[in-house]
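I have placed the structure first, in the form of structure tokens, so that the comments after it can refer back to it.
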Amino acid sequence: MEAKPVVTRIAPSPTGHLHIGTARTALINYLYARHHGGTFIVRSEDTDRARSTKEFETEILAGLEWLGLEADQFYRQSDRTSIYKNHLEALIENGTAYVSREPSKQDPAVEVEVVRLKNQNKIITFTDLVRGDISFDTTELGDFVIARSLTDPLYHFTVVVDDFLSEVTHVIRGEDHISNTPRQILIQEAIGAQRPDYVHLPLILAPDRSKLSKRHGAVALREYQNEGFLPEAVVNYLALLGWSAGGAQEVFSLTELTKLFTLDHIQKGGAVFDIEKFKWFNREHIRRMSDAELIDAVRDFVPVEYRGTDADTNAVIARLIPLIRERTYTLKEVADGISDGEYSFAFAEPDYDTSLLKWKKDPDVSLALPRLKRAMELISLLPEMPTADEVRSALWDYAESEGRGEVLWPLRVALSGRAQSADPFTLIAVLGREKAKQRITVACAKIEG
RNA sequence: GGCCCUAUCGUCUAGAGGCUAGGACGCGGCCCUCUCACGGCCGAAACCGGGGUUCAAUUCCCCGUAGGGUCACCA
């Protein structure tokens with residue numbers, strides 16, 4: 001039997017920001033379609049005209065694109081009213097649906113006409129590819145409403161019509177849709193649509209194991225974007241929430257995930273969203289980016305007041321790259337570090353108390369003075385923009401003979417103004433020879449009073 | 001509450017009848033070291049409970065228990 005080409009879809013409703021759970025569902029649909037050489041459709045479910053906005057639609061589409069989940073096809077339900085109308089009319093004509101006059105739910109004083117599906121009141125059993133057979137007695141559903149009017153169809157109806165017309169083969173969605181499935185199957189049978197395969201993904205949970213919501217922090221992809229998470233890391237982490245690649249490897253690119261993805265390792269139970277592990281993935285992907293990519297990504301996070309020309313800013317970032325790779329989990333941390341933290345030394349003159357220059361084993365700060373002066377002489381011999389290794393070889397023998405802490409501590413403080421920072425060799429490599437000498441001079445002056 | 005789904009370290013997971021139950025994040029210790037960070041090594045940490053089936057159950061079945069989802073003229 002020849003299998004039909006795989007068609008999957010993500011069907012976001014433009015009534016809010018792109019939710020992290022929607023992003024994950026989109027990713028899984030994308031991976032499954034791409035893995036099988038199939039088609040991935042994005043469908044905007046904007047039948048609720050009161051709540052849907054163009055702005056949300058734009059944001060959602062931009063979010064999916066940012067993640068790299070490009071669609072083969074895009075359409076919106078508000079453009080297809082006549083299609084739904086035709087199907088509704090056909091159902092009414094053959095008696096599987098009917099128009100009912102009844103009091104409005106919003107305003108019981110008003111009488112409205114709605115379209116209801118004639119329920120066969122039977123047991124529906126469908127197969128979920130990861131959970132097995134699931135049965136529902138649809139009697140309790142009654143003759144449910146499928147449209148407010150011929151031109152105002154409701155979610156369950158539009159979903160079924162669109163999936164049918166788009167020849168969707170696999171409906172992959174959140175677990176919260178399990179209970180929607182029987183009523184959608186009822187509609188499928190009414191319009192004569194073939195039943196797709198179903199896959200219900202475990203939900204993404206908050207740390208308290210309840211449904212992830214704003215109450216628990218960020219749920220919009222946008223917020224993680226602003227925090228400085230890379231799309232590669234989002235994709236990687238989200239893929240591994242509720243699914244595993246099987247082996248020990250955890251860091252993957254979208255391309256690798258596409259190759260590896262199968263339904264086999266989809267988890268059945270909900271998965272708690274762990275921001276710590278997410279950050280770890282982000283750092284791993286920061287480390288894997290090329291210098292040029294990382295500079296581009298970081299530049300947007302440099303606070304405006306610290307930006308020079310693009311070329312200047314790029315040059316500073318370029319020298320900061322090793323530090324960023326070593327100690328940054330999110331790009332927002334770079335922004336914070338520049339404003340007031342471990343990266344501020346590169347953008348502003350340090351401000352510190354003279355006593356900080358005193359090495360812990362010294363009785364008095366004045367002992368730092370000759371060491372700083374000697375270090376400065378050695379630094380003067382360096383090229384204008386030395387590498388950290390060059391600085392190290394220039395200073396190492398002296399530091400060894402005098403005592404590393406005795407030399408390196410005050411030097412590091414003079415350059416960074418902080419008790420905790422990267423080593424002085426790296427600092428000088430970032431600042432350059434002249435800037436370093438100037439700061440050491442300032443430190444000496446402070447000691448001399 | 002009805003219906004439905006689920007259940008391995010704190011978290012994400014590997015395991016698919018017989019393993020000292022493995023890995024990762026986080027956590028603790030040690031090492032490296034001028035401080036921080038990185039890195040390396042080591043460590044603590046789990047099969048929800050009870051019945052079956054079986055020579056043997058974390059693994060298969062049933063019942064509890066717990067958690068979650070869903071009950072719209074939203075999607």
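Convention: sequence-line order gives letters A, B, ...; per-chain numbering from 1.
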Taking the six-membered ring of A/F144 (Phe, Tyr or Trp), confirm whether the NZ or CZ of A/R183 is under 6.0 Å from its centre and within 45° of its axis. yes
Between A/K373 and A/E377, does any NZ, NE, NH1 or NH2 come within less than 4.0 Å of an OD or OE carboxylate oxygen? no
If the P atom of B/G69 is compared with that of B/C30, how far apart are they to the nearest Å? 43 Å
Among the candidates B/A24, B/U11, B/C34, find the nucleotide nearest to the side-chain atoms of A/D274. B/U11
It should be established whether A/R148 places a side-chain nitrogen or oxygen under 4.0 Å from OP1 or OP2 of nucleotide B/C74. yes
B/A7 and B/C48: how far apart are their P atoms, nearest whole angstrom? 10 Å
Whole-angstrom distance between B/A46 and B/U11, as gauged at atom C1': 12 Å
Do any side-chain nitrogens or oxygens of A/Y237 fall under 4.0 Å of OP1 or OP2 in B/U11? no
With a 4.0 Å cut-off on N to O distance, would you call A/R327 and A/E333 a salt bridge? no
Which nucleotide sits closest to the side chain of A/A271: B/C12, B/G15, B/C74? B/C12
Got a sec, which residues hit salt bridge (Lys or Arg N to Asp or Glu O under 4.0 Å) with A/R392, two or more places apart in sequence or on another chain? none
Among B/C74, B/G39, B/C36, find the nucleotide with the atom closest to the side chain of A/Q420. B/C36
Answer with base, sugar-phosphate or nothing: what part of the nucleic acid does A/D128 contact at a heavy-atom distance below 4.0 Å? nothing
C1' atom, B/G1 versus B/U59: distance in rounded Å? 34 Å
Looking at A/R51 and B/C74, is any side-chain donor or acceptor paired with a base atom of the opposite kind under 3.5 Å? yes
Counting only side-chain N and O atoms of A/R287, is one of them less than 4.0 Å from OP1 or OP2 of B/G39? yes
Under 4.0 Å between a side-chain N/O of A/R283 and OP1 or OP2 of B/G39, yes or no? yes
Identify whether any heavy atom of A/K211 sits under 4.0 Å from a base atom; if not, whether one sits that close to sugar-phosphate; answer base, sugar-phosphate or nothing. sugar-phosphate
N or O in side chain of A/H265 less than 4.0 angstrom from B/U13 OP1/OP2: no
Using the C1' atoms only, state how far B/C47 lies from B/U6, rounded to an integer number of Å. 16 Å
B/C5, B/C34, B/C3: which one has an atom nearest the side-chain heavy atoms of A/R412? B/C34
Has A/R80 got its NZ or CZ under 6.0 Å from the middle of the six-membered ring of A/Y75, at an angle within 45 degrees of the ring axis? yes
Does A/R327 contact B/C36 through a side-chain donor or acceptor facing the base, at a distance under 3.5 Å? yes
Give one of base, sugar-phosphate or nothing for A/R131, where a contact means two heavy atoms less than 4.0 Å apart. sugar-phosphate
Applying a 4.0 Å non-hydrogen cut-off, can you work out what A/E326 is touching in the nucleic acid: base, sugar-phosphate, or nothing? base
For atom P, what is the distance between B/A56 and B/C19, given to the nearest Å? 14 Å
Between A/I178 and A/P207, who's closer to the 5' end of RNA chain B by nearest nucleotide? A/I178
How far does the P atom of B/C27 sit from the matching atom of B/C32, given to the nearest Å? 22 Å
Picking from B/U35, B/U13, B/G23, the nucleotide nearest the side-chain atoms of A/E250 would be B/G23
